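The model shown is predicted, which means the values in this text are computed figures rather than measured ones.
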Amino acid sequence: MRRRELLLGLIGLAAISPARAQQPDAALRLTLGTATPGGSFPAFGRALIAAVHEVDPGVVIAPRITKGSTENLTLLRAAELDLALVQGEYAYEALSGQSVNDRSLKVVAPIDASPGMFVVPAESSIRSVQDLRGRPVALGTRGSGFTIMGRTVLQGSGLDPDHDIAPILLDDAGDGATQVLDGRAAALWGASLGWPGFKTLADTPGGARFFGPAPEAIPKILGLRASMRRLTVPAGSFRGQEVAIETVGSWSFILARPELDEAVVTRLVRAIDQGRETLARLYPQGRESDPRNLVSNVPAAWLHPGTAAYLHEIGVRSE
């Protein structure tokens with residue numbers, strides 16, 4: 001009897017072993033904090049989830065709408081999120097202000113370099129930052145790093161963002177374009193070529209006009225924040241934009257909660273890298289979410305060990 005049971009057991013193992021060998025890696029479930037509806041972070045989050053799923057269906061990312069970068073940092077530190085999208089100003093401040101240890105937030109991957117611009121209706125008389133003096137300007141949501149960036153651009157341009165303009169802080173990022181269209185705001189500040197507010201205004205029947213700070217203000221703006229970079233918006237990025245726009249902006253990042261497993265992050269970053277073509281198809285700056293872009297934009301100590309391991313795997317040294 002025992003011999004018969006043993007033989008049946010061996011036959012059963014032979015039958016199931018090939019199936020097990022063909023199974024993909026075990027399912028991996030992660031939570032991702034984005035931002036308020038109508039902004040670039042939710043749009044990027046949707047594209048990221050689709051691109052990762054196409055490469056590695058076992059990686060299941062559940063998006064969570066949040067108030068933006070500030071809340072995302074709080075939720076990460078409390079381990080209520082595994083991952084979150086954090087704009088450059090807030091990311092640099094958070095990462096530079098913490099000790100380097102296992103309980104630190106870490107950078108998993110880049111999102112994109114987000115050029116900041118003001119946008120107005122094409123028929124508006126506003127043509128420069130100085131023309132915003134005394135006007136109502138939608139600067140973004142309270143928890144967004146893009147709002148901090150806009151305030152920095154105004155300060156570097158010689159305007160007090162609290163007194164020289166009438167600042168409008170939004171509950172939802174998508175409300176900014178609406179307020180410009182109905183006249184409550186004379187201009188809208190935003191960042192990233194994938195930002196929905198820019199596209200909404202550019203695609204209106206009357207069209208829109210975009211502008212950044214004056215060339216002479218850029219060096220001063222860059223000196224105000226370490227996260228800021230000189231960036232160019234290529235001609236044709238938006239309907240009716242015929243010339244390139246020189247401006248400033250910063251890189252945004254996917255950050256991980258403290259102690260998120262190294263193997264988990266390596267698997268995720270590999271999927272992001274291999275899925276960049278899909279990401280680029282779904283999000284205007286998707287190709288910038290290349291882990292190789294981290295090397296020149298963040299200190300090696302800020303990288304998650306899983307990200308550093310993947311960079312080493314593909315022959316990229318982070319120093």
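Partners of R230 by side-chain hydrogen bond (donor to acceptor under 3.5 Å, both in side chains), not counting sequence neighbours: none found. Applying the side-chain hydrogen bond (donor to acceptor under 3.5 Å, both in side chains) rule to S114 yields the partners D112; only residues at least two apart in sequence or on another chain are considered. For F44, the ring pair (Phe, Tyr, Trp, His ring centres under 6.0 Å) partners are Y283, not counting sequence neighbours. Legend: residues meeting side-chain hydrogen bond (donor to acceptor under 3.5 Å, both in side chains) with R257, ordered by chain and number and at least two apart, are D82. Remark: T152 pairs with R225 by the side-chain hydrogen bond (donor to acceptor under 3.5 Å, both in side chains) rule, at least two apart or across chains. In terms of the side-chain contact (heavy atoms from CB on, under 4.5 Å) criterion, residue partners of T278 (sequence neighbours excluded) are, by chain and number, A51, E54, R281, L282. P196 meets the side-chain contact (heavy atoms from CB on, under 4.5 Å) test with S40; sequence neighbours excluded. Taking F211 as the reference, F118 meet the ring pair (Phe, Tyr, Trp, His ring centres under 6.0 Å) condition, with sequence neighbours excluded. Remark: F238 pairs with F198, F210 by the ring pair (Phe, Tyr, Trp, His ring centres under 6.0 Å) rule, at least two apart or across chains. For A235, there are no side-chain contact (heavy atoms from CB on, under 4.5 Å) partners, not counting sequence neighbours.
Here the side chain of T36 pairs no donor or acceptor atom with the backbone of K67 at under 3.5 angstrom. W189 places a side-chain N or O within 3.5 Å of a backbone atom of F146 that can act as its donor or acceptor partner. Judged by distance alone, with hydrogens and angles left aside, the side-chain atoms of R184 form no donor-acceptor pair with the main-chain N or O of L181 at under 3.5 Å. Within the 3.5 Å criterion, the main-chain N or O of A113 finds a donor-acceptor partner in the side chain of E288. Using a distance-only test at 3.5 Å, with no hydrogens or angles considered, no donor-acceptor pair links the side chain of D172 to the main chain of G174. Looking at N72, its side chain does come within 3.5 Å of a backbone N or O of L85 through a donor-acceptor pair. Panel note: side chain S144, backbone T141; no donor-acceptor pair is recorded below 3.5 Å.
In this structure, CG in L279 is found 13.5 Å from CD in Q274, a value given to the nearest 0.5 Å. The line from OG1 of T147 to CD1 of I168 is 12.0 Å long, rounded to the nearest 0.5 Å. Distance check, rounded to the nearest 0.5 Å: CG of L193 to CD of Q241 gives 8.5 Å. Expressed to the nearest 0.5 Å, how far CD1 of I49 lies from CD1 of I61 amounts to 5.5 Å. Atom CG of L73 is separated from atom CD of E71 by 10.5 Å, given to the nearest 0.5 angstrom. We find the CD-CG distance between Q155 and D162 to be 8.0 Å, quoted to the nearest 0.5 Å.
At least one side-chain heavy atom of L222 sits under 4.5 Å from a side-chain heavy atom of M228.
Annotation for V180 and A187: closest pair CG2-C, 3.9 Å, computed over non-hydrogen atoms. S69 approaches F41 most closely through the heavy-atom pair OG-CE2, 3.9 Å. Nearest heavy atom pair, residue S157 against residue V129, reads CB-CG1, 3.7 Å. Across all non-hydrogen atoms, the minimal contact from L154 to P161 is CD1-CB, 3.8 Å. Residues P258 and L105 share a closest heavy-atom pair of CD-CD2, 3.6 Å. Nearest heavy-atom pair, A309 versus E262, reported as atom, atom and distance to 0.1 Å: CB-OE2, 3.8 Å.
Between R287 and D290 there is no salt bridge, since none of the side-chain N atoms of the basic residue sits less than 4.0 Å from a carboxylate O of the acidic one.
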side-chain contact (heavy atoms from CB on, under 4.5 Å) assessment of R267 paired with V59 = CA-CA 9 Å; R267 180 177 172 183; V59 179; 3.6 Å; yes

Verdict with supporting geometry, Y92 and F253, side-chain contact (heavy atoms from CB on, under 4.5 Å) = CA-CA 10 Å; Y92 268 75; F253 305 101; 3.9 Å; yes

Working for side-chain contact (heavy atoms from CB on, under 4.5 Å), residues L75 and R64 | CA-CA 11 Å; L75 294 173; R64 176 173 168 181; 4.0 Å; yes

Does the pair I272 and L268 meet the rule for a side-chain contact (heavy atoms from CB on, under 4.5 Å), with working shown?
-> CA-CA 6 Å; I272 293 172; L268 174 64; 4.0 Å; yes

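When the side chains of ILVMFWY residues are joined at heavy-atom separations under 4.5 Å, either directly or via intervening members, L170 and L139 end up in two distinct hydrophobic clusters. When hydrophobic clusters are built by joining Ile, Leu, Val, Met, Phe, Trp and Tyr residues whose side-chain heavy atoms come closer than 4.5 Å, directly or via intermediates, I148 is not grouped with L169. Residue L231 is not grouped with residue I218 when hydrophobic side chains (ILVMFWY) are merged at heavy-atom distances under 4.5 angstrom, including chains of intermediate members.
Within the structure, side chain to side chain donor-acceptor pair (under 3.5 Å) contacts touching residues 200-224 (residues at least two apart or in different chains) are K199-D203. For residues 246-255, the set of pairs meeting the side chain to side chain donor-acceptor pair (under 3.5 Å) definition, not counting sequence neighbours, comprises Q87-S250, E89-S250, T232-E246, W251-N297.
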